[in-house]
Every structure is written in C-alpha cells, then in structure tokens.
Amino acid sequence: MSKELAKTYDPKGIEDRLYDKWMNKKYFHAEVDRSKKPFTIVMPPPNVTGQLHMGHALDNTMQDILIRYKRMQGYNALWQPGTDHAAIATEVKVIEKLKEQGIDKDEIGRDEFLKHAWLWKEEYGGKIINQLKKLGSSADWDRERFTMDEGCSKAVEEVFIKLYEKGYIYKGSRIINWCPVCQTSISDAEVEHVDQDGNFWHINYPVAGEENAFVEIATTRPETLLGDTAVAVNPEDDRYKHLVGKMLKLPLTDREIPVVADEYVDKEFGTGCVKITPAHDPNDFEVGKRHNLPEINIMNDDATINELGGKYAGMSRYEARKAMVADLEEMGLLVKVVPHAHNVGTHDRCKTTVEPMIKQQWFVKMEEMAKPAIEALKNHTLNFVPERFDKIYLHWLENIRDWCISRQLWWGHRIPAYYCDDCGEIVVSKEVPAVCPKCGSTHLTQDEDTLDTWFSSALWPFSTLGWPDKTEDLDYFFPTDVLVTGYDIIFFWVIRMVFSALEQTGEVPFHHVLIHGLIRDSQGRKMSKSLGNGIDPLEIIEQYGADALRLTLMTGNAPGNDMRFYMERVEASRNFANKVWNASRFIMMNLEKAEVPSRMNLSDLTGADKWILSKVNTLAKDVTDNMDKYELGIAVQKVYDFIWEEFCDWYIEMVKPRLYNDEDTTKSAALWTLKTVLANALKLLHPYMPFITEEIFCTLQTEEESIMISEWPEFKEEWNFTADEQAVETIKEAVRGIRNARTGMNVPPSKKAKVFVVSEKENIREIFENGKVFFATLGYASEVTVQADRSGIGEDAVSTVIPEAVIYMPFAELVDIEKEIDRLKKEEERLGKELARVNGMLSNERFVSKAPQAKIDEEKGKLAKYTEMMEQVKERLAQLQ
C-alpha cells in the first residue's frame, strides 16, 4: 500500500479536491435506468438573490445525507437542484442597483428594466449554488433549473391557461395584502406579523334622527372610518338588538350607514360594536358580502387618502389619522384613547406596514383543488414527518381562501391575458391574439402584471422534470420520494405543490415531507439581521471544515424541532474528525508493516475481533432502521458513539499487544478486523461527513475508487456473534471496576499490579482465560491469574465485584505501604483540625442563635462529610498497620 494519510487532518487541503473529483467522475449525475429503482429529492430552490445561511445549511445537509445514503444502497438517486427568481426580492435589488447608477425604473421602461434584471441574475444567480457546493451537496448540477427558464416558463403558462379554461382562475375585486412602498400585492407568506405599540380609539357614531343617542366603536385604524359602510353587532347581544336596522351618521362625512347583526362580532371584545370597512379588512369584506354592503376604497396605491376622503385627500394614512382624531375630539365624538399593543402585518422585504385593500387582481379558486390535497394526507399517499404537522396542513386546507396570484411587478412570469382596447374583452392565450374574438379589433394589450413567485414554485417537482411534455425523466423520477423543508413554509409552498401536482399530474409530488425546525443561537433566539446573531456557515466551513459543520447540524437533531447552535459543539465535531483521522492513521501504519489477507476465515478470529465485528454489524442494522424512519440525529449519534468508544477507546486498545508482537499468530486476524470494521464504520458515517470519510476510505481501500459509490453495509447473519459480545462486555465490566478502584486510590496507570479473577462459573473463567492478553493491557496488570476460589490471595487485596466474579489486586503491589501510611496520617491530622473547628462552631450558643439557617445547615453538612472521611482513613490505617 503506497498511499498514506497526512499527519494532521486539514479539511482545507482535501475538501475542494475531493468535490472536484466527484464532479469530474459524474457521481452526482442520474440518468433514467430502468434496471434500478429511482429515489428522487427535489431541492427547495433558493432565491437567486440568496446568500447561504444556517437554514439553507441544515436543509441541504439533510437532503444530502438522504441522497448519499440511497445512492450507496444502490438506488438511482437524483437530487434535482435549481434556483427561484424571487420576484419581489430580485426586483428590489435591481432597482437599488439602477438607483446607484442614477437610473429610474419607470423612465427606462419594462423591456430595458428586464435586460438589467437578467444581467443581475447572470452575475449573482449562481453565488448560492457555489456556496452549496462548499457544503458538499451532491445534487445533480448538470440538471440545474431556474423558475424562469424556458421549460419552467412553458409549464407556468400551460397551468395558467388550463386553470383559466376550467374556471379556476378568475379576475375579481377582493381583499389582498398591499405594500404601499413596493406598490404590489403580496402573499400571506411575505407578511410578517410584528408586535407594535398602538391605541384603541373609542369613537361615538350618532344614531340618525335621535337626540344624544350614540353607538360606541373601538378601532386601531381610525383613518379607515372614511370607508365604513356599516356597524355590526352580535344578533344575540341584548344591549344592541333595538339598534339593528337603524341608521348611524358616519362622523367626518355626510354619509349614513346601517347597523347590521352578524355572528362575526364577539360580544365580549371591545364595546361589542364593530365598524365594517369591506374595502380595507378581510373579515369586514366577508361581512360586507353577507349583507350586500358597498365597498369603498379610500386609499391610493401609496397609502395616501384618495379623492373620496374629502378634506383629508392627499394626506398619508398616518397624517390623516392624526388630523381625523383631532377633528373627532373637537366635535366631542372621541370618547377615549386606550394604549393597545397589537400584532401588525408588515412586508418582510421592506418592513412597511401592509395595508389590506380591495383590488382588481387575478385569483385561483381553491375550494375544489383543496379536496384531493386533503384526501392525499388522509389516505397516506402523502406523509408528514413528524406526524404532528398533519394538523397544520389540514387546518390550512380546510379554511383555505382564494389565492391572489397577480403581482404588480416586472420581474417574473407575465400573465398570459390580453385585453381588447376597443371592447374590453379578455383573451387568455399563449400568443398575442391577431384579432379580438368578440369585436374583431386588432388592438390588444397584454396584462401588465406578473404571477406570484409561489405560482411557479408550486410546479417545481414536475416542471423541473420536463412537464408538460411527457418526458422519460418525468415518467421515471416522478413522483419524488421526499421533500425536506422547514415548518415555517408548509402552507405557502408545500400545500401549493401538493394541490398543483394533483391537479396537473393526478399524483402527489412527493410521498414524505420531512420537516425540520429552525436553527437558533446559543440563547435560543431566532437568527436575524436585526439581532446581529446570525452565524455564517461559510465562515464555519473556512475555519473547521464542512464535515464539522454538517455533523454539528445533525447531532441531537430531531424532526420538526428547533435546535441551538453552539460553537463548542462545532469544536467537538472537529475533535471527533481528528479522532477518526488519527485512529485511521494508526491502523494504516500497522497495515503497512504486514500482509493482510483480503478474505478471512471467521473461525480464525479471536473473541475480541468477533465482538467488534458483531457490534459494527448490529450498528449497520440500527442505523439503516433509523435512516429509513428519517431519524437522522439518532442514527449519527449511534455511529459517533461506536467509533469513539467501542472502536477507538476499546478495540484498538485491545489489539495493540497483538500488533506489537510479531510472534502472535492472531496478528493478521487483528489487522483484517481493524481494516474491515473501519471501512464499514466510514461507510455509515459517509452521508454525514462525506469528505473525511472519502479521503480515509480511498487511502485504506485501494480496490474501490470512492466511498460514494461503495455499498451501504447490511446486516450479515454470519457476523452475528452474540456469545462473544457478551464475553467482551464481561471483561469490559471488570476493566471498569479495576480502573475505578485504582482511581479511588490515586494509583497511576504506569504502576502495574497482579490481577486475580475469581469465579465459580467455568464459562466466566474461560472468558478471562481467552481474553487474558488484552485484559492485562486494559487492566494495567503485570500478570493475570484466573481461579475458582480465593486461595492464595492475601487478606489486604483490593476487590471489585462484577456479575458472577470478583476481581482482586494485592494492595502492596498497588501502593507503597510506608508512603501510604504517611499520607493517611497527614490526612487524619487535617481532618481532626477540620472536625474540631466545625464542632466548636456548632457547640457555640452565639453562633447557633445568630447565624442564618443556611449557614448552620452548611456546617452540619461539613460535619457529616468529615466524620465519614475520618472513619474511612482510620479503617485504612488499621488495615495497613
């Protein structure tokens, strides 16, 4: 064997080199192969504006672990990657860049702006992909897709037209989330709810035609009063039954509005009277529909008051609020102002408070499409891991509202709808119609809006495989097997993929959804720019290597649960990598010096060899079982414990005497076992720590070119040695007992002593006879004697008891008696002084009456401790003298 490992493990020196090797060998690439079973994961596409953060690192590490595992199991494993055009985020970035160059988006026009956007995408779009490669992601980069590439765009157009023709897509006026700064509708996913300090303004609405009769309402947005079209009360509320059907004078306007009865009103909340503004509140919108109320939009797109606002027209929403409250106070209609902290929707991009507003937009009808998506979960063609997320999924689908899919942006998929300039007819088609089908006009204009980004990413699992064309890839790799994603995105993305795939392909897009939690900082806080507590995964990789980061992210990770990120854990992961590296170097140095058979007769193995072989065999079974249940954190903990404890701390120590003794006939069995067990352990660790395992494996195994394409270890019945496992566990128990006894007496490991093993049971004696060589090494024994009774063992021997045996060590060999007597006398003197001091304090009346109880208890505790220690010292002295 000519190759050897470098002296120290240096991730920087190996990671890029190995990644290039994998790429060049096309190990990540998958083609249709009907002789193999497919296994597919589709990567949640990161935004082209994206920078790798800890959430991406966790998400992609989990996907990489699964895909590497399945690849080794012999599946035709495809991990389909790509990026998302991220409409709003990208448009904001491009506008900012143009501003720096003194260019105004509106002045250059749509076509010119899109040229700049595509240039921006070319320049920055691949950045996050390169960062994912640093992490070791083994996605099929030859198949990389983009939500606005030709194929995905074709799929989007196809779906829009099909849903429109089916009557599922319509244009109408409904309440949407409007961002006054970005000047576009935004999805619920882009609305972040934050706590803000505000007020409840209590306002009196006069009852029309009655003196001094008022209805008191409470509102957090007094400026929307200008759009009120009713006041609602609960039909069961006796306080207000007499008012239902009466008219109220709407303050600050010349309008009158009715009092309506509606179940929506909570009698206990506020005054029990709710102002209804259908054009500016989603719940009011529904109440308005039930009572046929008019919808009055009183805001412009920039959230200033429009011409319907009378004297307040042109003011910003907050200026209008101030002016209106002052006017209400002057008119004597402001009852009181109560401070009130409430949850306010803000746009996650620009942090502006979102304005619910009624607008003409394109919508998708959801009621019918939600039904098969609900059924898929109930009949288990779709499964959440962990199952508790079923509830969230169902709750959202069972209460689903129509989906607003139009955005007032230029970057994105433009809506394939054309308007006749002469008669207003709407034509939805792939191409610009030559003439209007209704009036024959040739003047048609395309809709200015683009589609919500989620509309295209909802098609991602099948559009990336060639749909709507009937491709081989689609037929073979779809439906995909598992989607890995965070719990914060279930409703916005997962649900949309499910109903879209069922509607377009008749199948679920994936069979399992593996949900992970968020990575929090060491204090448990969410990582965010505002807190400045984010940790850059690329910096961790630079300092500790990708393997250490990956292991840290997976240690203790349980599906669906958040986890805390500590730098100490990264260091522990790096220490583990060093441990694996150094153990492997030690094994290889010994393999260099001897001839190791490629095949081994299992009957030639010693009990210790069979024990570790049996252990790694069971480990393969357990880890496979955990991986199949997506218990990735549990699986890696088992591999970690096995390598660190069983293999390095026990087995390697056990075989050292055989390795160093050229006369030992079992030396080649030890070397074969070391090599075999290490190779198997590396394979089980590979999905988690791909780089270090590849480097060691390829140096250890000259016959295989990569661990990536080696076979995953499977349980072998012939490697199952239960009796040998039990035997070694018995010896380990004895070693622990010896070590504990010696530690208790401060005996250094360098000091050897005779060890007697006494047991009436012949099978126990046999275990120790067979394991004498390594038992002596591990138990620091100068010699080991195994016998049936205590004869010939002095009375002063130190003993430790294990099941069915007692281990004895002559005291005189462990300790220099003169020195020990001397040490114990000094200890007796020290304890005597301590006891005198404590007894003195506790018999002092003044101390006992004045000292705090805690202090008295502390001294009583010391008295008990020192008394016990003194008894032990006296007993030991008596034995020695």
Side-chain angles (χ1 to χ4, degrees), residues 649 730-760 764 768 775-787 789-881:
D649 289 356
T730 301
I731 291 179
K732 279 169 67 183
E733 188 82 18
V735 169
R736 284 193 202 100
I738 291 170
R739 288 179 178 178
N740 288 342
R742 290 171 63 107
T743 305
M745 295 163 63
N746 300 318
V747 182
S750 56
K751 192 161 181 66
K752 304 281 186 272
K754 272 189 202 146
V755 172
F756 294 91
V757 179
V758 176
S759 175
E760 291 172 3
I764 300 286
F768 283 93
F775 176 52
T777 308
L778 298 173
Y780 313 120
S782 52
E783 63 176 280
V784 176
T785 307
V786 182
Q787 54 193 56
D789 55 40
R790 226 198 119 151
S791 58
I793 303 171
E795 280 304 310
D796 68 338
V798 176
S799 67
T800 178
V801 180
I802 64 165
E804 301 183 312
V806 183
I807 317 295
Y808 293 96
M809 291 169 285
F811 185 78
E813 290 193 22
L814 291 174
V815 179
D816 180 323
I817 292 184
E818 290 308 314
K819 270 191 186 167
E820 184 62 3
I821 289 173
D822 198 35
R823 188 187 73 78
L824 286 168
K825 281 185 171 167
K826 282 181 183 156
E827 182 67 357
E828 185 181 29
E829 193 183 334
R830 184 187 75 81
L831 288 169
K833 285 178 184 166
E834 286 292 346
L835 281 166
R837 186 193 63 77
V838 176
N839 278 318
M841 283 179 84
L842 290 173
S843 58
N844 182 330
E845 288 286 328
R846 280 181 63 198
F847 170 75
V848 176
S849 62
K850 292 200 169 169
Q853 190 56 45
K855 178 69 182 157
I856 296 169
D857 291 344
E858 188 189 327
E859 292 302 327
K860 281 182 177 170
K862 284 179 187 173
L863 176 65
K865 184 175 84 172
Y866 295 143
T867 306
E868 188 184 341
M869 286 167 76
M870 186 63 119
E871 280 168 12
Q872 287 171 351
V873 167
K874 284 185 185 302
E875 194 181 320
R876 291 282 303 284
L877 269 172
Q879 279 176 349
L880 296 177
Q881 291 168 336

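As a basis for the values below, the full set of heavy atoms in this structure was taken, side chains included, without hydrogen atoms, waters or symmetry mates.
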Taken to the nearest 0.5 Å, the spacing of Phe775 CZ from Ile731 CD1 works out to 7.0 Å

Does some side-chain heavy atom of Phe847 sit less than 4.5 Å from a side-chain heavy atom of Ile856? yes

Residues in salt bridge (Lys or Arg N to Asp or Glu O under 4.0 Å) with Lys874, at least two apart? Glu828

Lys826, NZ atom: more than 12 neighbouring heavy atoms under 6.0 Å: no

The criterion is salt bridge (Lys or Arg N to Asp or Glu O under 4.0 Å); which residues satisfy it with Glu858, sequence neighbours excluded? Lys862

Within the side chain of Asn844, is there an N or O that forms a donor-acceptor pair under 3.5 Å with the backbone of Gly840? no

Nearest heavy-atom pair of Leu778 and Val735: which atoms, and what distance? O-CG1, 3.6 Å

Ionic contact status for Arg837 with Glu834, cut-off 4.0 Å: yes

Check: Val786 and Phe756 side chains under 4.5 Å, non-hydrogen atoms: no

Can I get a per-line list of side-chain donor-acceptor pairs under 3.5 Å for residues 798-815, giving both atom names and the distance, sequence neighbours left out?
unit_1: Glu804; atom_1: OE2; unit_2: Lys761; atom_2: NZ; d: 2.7
unit_1: Glu813; atom_1: OE1; unit_2: Lys754; atom_2: N; d: 2.8

Is there side-chain contact between Val758 and Phe768, with at least one heavy-atom pair below 4.5 Å? no

Val755 and Glu783: CA distance, side-chain angles, deciding distance, side chain to side chain contact (heavy atoms under 4.5 Å, CB included) verdict: CA-CA 6 Å; Val755 172; Glu783 63 176 280; over 6 Å; no

Asp857: partners by salt bridge (Lys or Arg N to Asp or Glu O under 4.0 Å), with sequence neighbours left out: none

Side-chain contact test, heavy atoms from C-beta onward, threshold under 4.5 Å: evaluate it for Val757 versus Gln787 and give yes or no. no

Determine which pairs satisfy salt bridge (charged side-chain N to carboxylate O under 4.0 Å, His left out) with at least one residue from residues 732-748, sequence neighbours left out, and list them in order. Glu646-Lys732, Glu729-Lys732, Glu733-Arg736

In chain order, what residues pass the salt bridge (Lys or Arg N to Asp or Glu O under 4.0 Å) check against Lys855, with sequence neighbours excluded? Glu859

Let me confirm one number: the CE-CG distance from Met869 to Leu835, rounded to the nearest 0.5 Å. 9.5 Å

